[in-house]
Amino acid sequence: MVLIHDKYFEIYLKSDEIQSEVKELAVKLNEKFEGKTPLIIVVLNGSFMFASDLVKQISFDHEISFVKLSSYNDFSSLGNVLELIGLNIDVENRDVIILEDIVDTGLTMNTMVEKLKVLKAKTIKICSLLFKENAFKGDHKPDFIGFTIPDFFVVGYGMDYNQKGRNLQEIYKLKN
Ligand code: IMP
Ligand code: MG
């Protein structure tokens, strides 16, 4: 059990379970993208550890870009919109693989896919380590999923609770 800020978390997925699932995801991606040169887009911050382990097992030719979605106020629409920052490689006519730590409501993936379509990506596939199926209300289910999990809050292996806990090797869930 670990204490992060004011909350206790208990182990949910052990390091070796995560590593073997990451390996299986790499095998699936290797089959799918053999002979192609996709652009891997890593959605920071939470995905950094997953991406780092996954790409070590990838055998196809590829390029990697690290992006963030940051919100800003758009005064023309008078709303809070998400801006994609850090994309330093041309997406037009590319096969794209989005790497995510966790797909929860799916709204982040809605935004990502929408933006990549505007940039004229040829194909877009989503690979997420975790998928909260019951919380999902988006339009783009991940194409490659490590673990489908219930709708509870997790931390570790890159994911945070108020910026803490990212370094944990295991994935923990909130203790109730
Ligand atoms: P979505 O837009 O609701 O699908 O959520 C996207 C982002 O919220 C993920 O990429 C995570 O960074 C974060 N997130 C969602 N659920 C959790 C969780 O249980 N723990 C930590 N971060 C989470
Ligand atoms: Mg994320």
Side-chain angles (χ1 to χ4, degrees), residues 1-15 17-18 21-22 25-26 29 38-55 58 64-74 79-88 91 96-118 121 124-176:
M1 212 158 62
V2 292
L3 176 65
I4 303 173
H5 293 295
D6 55 338
K7 292 192 164 48
Y8 285 99
F9 290 82
E10 59 191 0
I11 289 208
Y12 178 56
L13 295 167
K14 292 204 208 92
S15 185
E17 294 176 75
I18 299 168
E21 192 53 45
V22 169
L25 281 173
L29 292 173
L39 170 59
I40 296 174
I41 297 183
V42 181
V43 188
L44 296 175
N45 292 327
S47 305
F48 79 96
M49 206 174 275
F50 171 47
S52 149
D53 285 340
L54 183 76
V55 297
I58 274 174
I64 306 180
S65 187
F66 299 88
V67 305
K68 262 191 176 184
L69 283 171
S70 77
S71 50
Y72 72 104
N73 282 309
D74 178 1
N80 202 249
V81 293
L82 288 171
E83 181 189 22
L84 181 63
I85 55 172
L87 189 61
N88 58 353
V91 165
V96 172
I97 305 168
I98 303 173
L99 286 193
E100 250 296 33
D101 48 354
I102 181 165
V103 172
D104 182 3
T105 63
L107 298 181
T108 302
M109 285 304 101
N110 272 10
T111 308
M112 281 298 301
V113 170
E114 199 179 290
K115 301 219 180 252
L116 293 170
K117 279 186 177 164
V118 171
I124 302 166
K125 297 284 177 211
I126 300 168
C127 175
S128 186
L129 180 65
L130 304 177
F131 178 45
K132 288 189 194 170
E133 195 168 31
N134 297 333
F136 184 75
K137 49 178 187 196
D139 302 317
H140 309 281
K141 255 185 87 168
D143 303 278
F144 303 89
I145 297 167
F147 302 92
T148 298
I149 67 167
D151 186 10
F152 47 51
F153 193 78
V154 292
V155 69
Y157 197 67
M159 291 168 285
D160 72 305
Y161 166 47
N162 285 348
Q163 301 308 331
K164 288 192 180 177
R166 293 193 195 276
N167 63 312
L168 298 166
Q169 281 189 57
E170 292 84 18
I171 293 174
Y172 289 73
K173 75 178 178 86
L174 187 64
K175 197 170 156 49
N176 37 19

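One-based numbering, in listed order, for ligands and for the atoms of each.
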Ignoring waters, protein N/O/S atoms under 2.8 Å from the Mg ion (ligand 2) are Glu100 OE1, Asp101 OD1

Query raised in the report: Passes side chain to side chain contact (heavy atoms under 4.5 Å, CB included), Leu25 versus Phe50? Steps please.
Result: CA-CA 11 Å; Leu25 281 173; Phe50 171 47; 3.8 Å; yes

Hey, mind stepping through Cys127 and Leu99 against side chain to side chain contact (heavy atoms under 4.5 Å, CB included) and telling me if it holds?
CA-CA 5 Å; Cys127 175; Leu99 286 193; 3.7 Å; yes

Looking only at heavy atoms, the pair that brings Leu29 and Ile58 closest together is CD1-CD1, 4.3 Å

Residues pairing under side chain to side chain donor-acceptor pair (under 3.5 Å) where one sits in residues 102-116, two or more places apart or in two chains, turn out to be Asn110-Asp139

For residues 142-157, the side chain to side chain donor-acceptor pair (under 3.5 Å) pairs (sequence neighbours left out) are Asp53-Tyr157

> Going through the distances and angles, do Leu13 and Val154 end up as a side chain to side chain contact (heavy atoms under 4.5 Å, CB included)?
Replying inline: CA-CA 10 Å; Leu13 295 167; Val154 292; over 6 Å; no

Query - Note, Val2 side chain near Val155 side chain (heavy atom, < 4.5 Å) - result: no

Using a 4.5 Å cut-off on heavy atoms from C-beta on, say whether the side chain of Glu133 contacts that of Lys141.
yes

Distance col, row Ile126:CD1 vs Ile98:CD1, nearest 0.5 angstrom, shows 5.0 Å

Taking a 3.5 Å cut-off between nitrogen or oxygen atoms, can you list every pair linking ligand 1 to the protein, with distances?
| from | atom 1 | to | atom 2 | distance (Å) |
| --- | --- | --- | --- | --- |
| ligand 1 | 2 (O) | Thr108 | N | 2.9 |
| ligand 1 | 2 (O) | Thr108 | OG1 | 2.5 |
| ligand 1 | 3 (O) | Thr105 | N | 2.8 |
| ligand 1 | 3 (O) | Thr105 | OG1 | 2.4 |
| ligand 1 | 4 (O) | Asp104 | N | 2.9 |
| ligand 1 | 4 (O) | Thr105 | N | 3.2 |
| ligand 1 | 4 (O) | Gly106 | N | 2.8 |
| ligand 1 | 10 (O) | Glu100 | OE1 | 3.3 |
| ligand 1 | 10 (O) | Glu100 | OE2 | 2.9 |
| ligand 1 | 10 (O) | Asp101 | OD1 | 3.1 |
| ligand 1 | 10 (O) | Ile102 | O | 3.3 |
| ligand 1 | 16 (N) | Asp104 | OD2 | 3.4 |
| ligand 1 | 16 (N) | Lys132 | NZ | 3.2 |
| ligand 1 | 19 (O) | Lys132 | NZ | 2.9 |
| ligand 1 | 19 (O) | Val154 | N | 2.9 |
| ligand 1 | 20 (N) | Val154 | O | 2.6 |

